[in-house]
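One structure is given here, and the rest of the page talks about it.
Since the structure is predicted, the reported quantities are computational estimates derived from the model, not experimental observations. Heavy atoms only: backbone and side chains are in, while hydrogens, waters and symmetry mates are out.
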Amino acid sequence: MTFSETILSWYRENKRELPWRDTKDPYRIWLSEIILQQTRIAQGTPYYEKFLANFPTIEHLSNATEAEVLKLWQGLGYYSRARNLHATSKTVVQKYGGKFPSNYIELMGLKGIGDYTASAIASICFDEPRAVVDGNVYRVLSRYFGVEIPINSTKGVKYFKALAQSVMDAEHIGDYNQGTMEFGAVQCVPKSPDCPRCPLNKSCLALQKNLVDRLPVKMGRIKVRKRYFNYLVVMDRAGKTQLRQRLGKGIWENLYEFPKLDSDRELKQKQVESSLSEVLQLEEPPLVYQYGKGQVVHKLSHLHLHTKFWVVETCAELKNGVALSDLEHYPVPVLVANFISSFKNHYF
DNA sequence: AACTCGGGGTG
DNA sequence: CACCCAGAGTT
């Protein structure tokens, strides 16, 4: 049996039933692929169901506001996916009459759709012979064919794309692509794979060369930076607080948060008090105290955010104040959502 | 080619 | 703690 024959055979026996498995509807496949980018199935599936329930068709999605889409996306991370999802829904409705383009080239022209996603949609929905290369495929191919080229190098990306394209089954491309990824997710797992019970173990080069636990090769990652966030939770006479939308490029774009003092080192009470005017415009000196003790350390892949929340009580009345009970309507980073949840419990 | 962009699960 | 997850876009 060839590589692809074994993959297809294994897939028919072992495929999991997932909500997007039994459809070729481009809207649903696209939605699932965007949600699953850099995201585990267990984490993404509830969001897939949620989006489909709120937006049964691409027209529903295109008629929503970006804030509504971001709110539904809250907690999933990589928020550009949500913004691009919304933008592309409008493009498909307006430029393509609500019907997804049916080939790789045109799909690549849509926001948020790159080589992987265009290949996935084209192959699954339209049977176009395009091999996908995701994290699972890198692992399966590098091991089975004993490839030691770093998967995150320019050379590696090209090599694995070409290799995948050369070993695919063009006649069953949808199942082949999903099967290879499923195989990587279930059988050829990153750590301690069960090689003795692998259907490819007779011809796997990594297994023969004892390289299974060293493949795929990945170049060194970026070091983690530290940032110090000081959120200013204003409480005015009417019990309202202040929220701001993050504008411009960067992390959490278009999400909401409290006014914030940002530093490369920890700020103490006095420094926070003396810097208040940089972010807040208050008539009189407010009462400032830290909510809780120590710092919340919110860990992102490349950033550790050491965060303090400061309650700023003022006797004035804010112009654009937000009631605590309305906070839940705004899309906010998980870091902020966790605080709000704790803060509410503390006061009510 | 190197960086940025999130949050959660796993051993 | 390091590593990984059905990657894409920008610099």
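- When rounded to the nearest whole Å, the span between CG of Asn152(A) and P of dC3(B) equals 12 Å.
- Rounded to whole Å, the P atom of dG6(B) lies 15 Å from the corresponding atom of dT11(C).
- Taking the side chain of Leu300(A) as heavy atoms from C-beta on, and the options dC1(C), dG6(B), dA6(C), the nearest nucleotide is dG6(B).
- Rounded to whole angstrom, the span from the CZ atom of Arg130(A) across to the C1' atom of dA6(C) amounts to 18 Å.
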Audit row: Lys24(A), Asp127(A), salt bridge (Lys or Arg N to Asp or Glu O under 4.0 Å) steps and yes/no: CA-CA 10 Å; Lys24(A) 294 178 80 165; Asp127(A) 299 306; 3.2 Å; yes
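- Residue contacts shown for Ser153(A) are absent, as no nucleic acid heavy atom lies under 4.0 Å away.
- For the side-chain hydrogen bond (donor to acceptor under 3.5 Å, both in side chains) test, no residue two or more places apart in sequence or in another chain qualifies with His298(A).
- Residue Ile121(A) contributes atom CD1, which lies 10 Å from atom P of dA8(C) at whole-angstrom precision.
- Using bins of under 30°, 30° to 60° and over 60° for the plane-to-plane angle, the ring pair Phe145(A)/Phe3(A) lands in the tilted bin.
- Using a 4.0 Å cut-off between charged nitrogen and carboxylate oxygen, Glu266(A) and Lys308(A) count as a salt-bridge pair.
- With rounding to whole Å, Leu76(A) atom CG is found 17 Å from dC5(B) atom P.
- Mapped onto DNA chain C by nearest heavy atom, Leu18(A) and Leu110(A) fall at different nucleotides, with Leu18(A) at the one closer to the 5' end.
- Tyr330(A) is not listed as a side-chain neighbour of Lys71(A), based on a closest heavy-atom distance of 4.5 Å or more.
- Each of Asn338(A) and Gly250(A) was assigned the nucleotide of DNA chain B with the nearest heavy atom; the assignment lying further toward the 5' end belongs to Gly250(A).
- Here the side chain of Tyr78(A) is nearest to one of dC4(C), dG6(B), dC1(C), namely dG6(B).
- Here, dA6(C) and dG11(B) have their P atoms 14 Å apart, quoted to the whole Å.
- Using the six-membered ring where Trp is involved, Phe343(A) and Phe339(A) have ring planes that are parallel, under 30° apart on the 30 and 60° scheme.
- Following rounding to the nearest Å, Leu303(A) (CG) and dG6(B) (C1') show an atom-to-atom distance of 11 Å.
- Distances shorter than 4.0 Å separate none of the side-chain N or O atoms of His298(A) from OP1 or OP2 on dG6(B).
- Residue Tyr79(A) places at least one side-chain N or O closer than 4.0 Å to OP1 or OP2 of dG7(B).
- Across all strands, Gly184(A) comes closer than 4.0 Å to no nucleic acid atom at all (heavy-atom distances).
- Counting non-hydrogen atoms under 4.0 angstrom, Arg214(A) reaches nothing in the nucleic acid.
- No continuous path of ILVMFWY side-chain contacts below 4.5 Å connects Leu280(A) to Phe309(A), so the two sit in separate hydrophobic clusters.
- Across all strands shown, Asp115(A) has heavy atoms under 4.0 Å from sugar-phosphate atoms exclusively, and none from any base.
- Look at CH2 on Trp73(A): it is 13 Å from P on dG7(B), rounded to the nearest Å.
- For the pair Lys299(A) and dC1(C), the criterion of a side-chain N or O lying under 4.0 Å from OP1 or OP2 is met.
- Across all strands, Arg139(A) comes closer than 4.0 Å only to sugar-phosphate atoms, never to a base (heavy-atom distances).
- Toward the 5′ end of DNA chain C lies the nearest nucleotide of Asn136(A), the other residue of the pair Met108(A) and Asn136(A) mapping further downstream.
- If you check residues 28-58 of chain A against DNA chain B, the residues with a heavy atom closer than 4.0 Å are Gln38(A), Thr39(A), Arg40(A), Gln43(A), listed by number.
- For the pair Val157(A) and Tyr138(A), the minimum side-chain heavy-atom distance is below 4.5 Å.
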Criterion salt bridge (Lys or Arg N to Asp or Glu O under 4.0 Å) on Arg244(A) and Glu257(A), from CA distance to verdict: CA-CA 5 Å; Arg244(A) 292 181 182 170; Glu257(A) 64 182 2; over 6 Å; no
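- Spacing between atom CD1 of Ile151(A) and atom P of dA2(B) amounts to 15 Å, rounded to whole angstrom units.
- Spacing between atom NZ of Lys191(A) and atom C1' of dC4(C) amounts to 9 Å, rounded to whole angstrom units.
- Picking from dC5(B), dG9(C), dC4(C) the nucleotide with the shortest atom distance to the side chain of Asn84(A) gives dG9(C).
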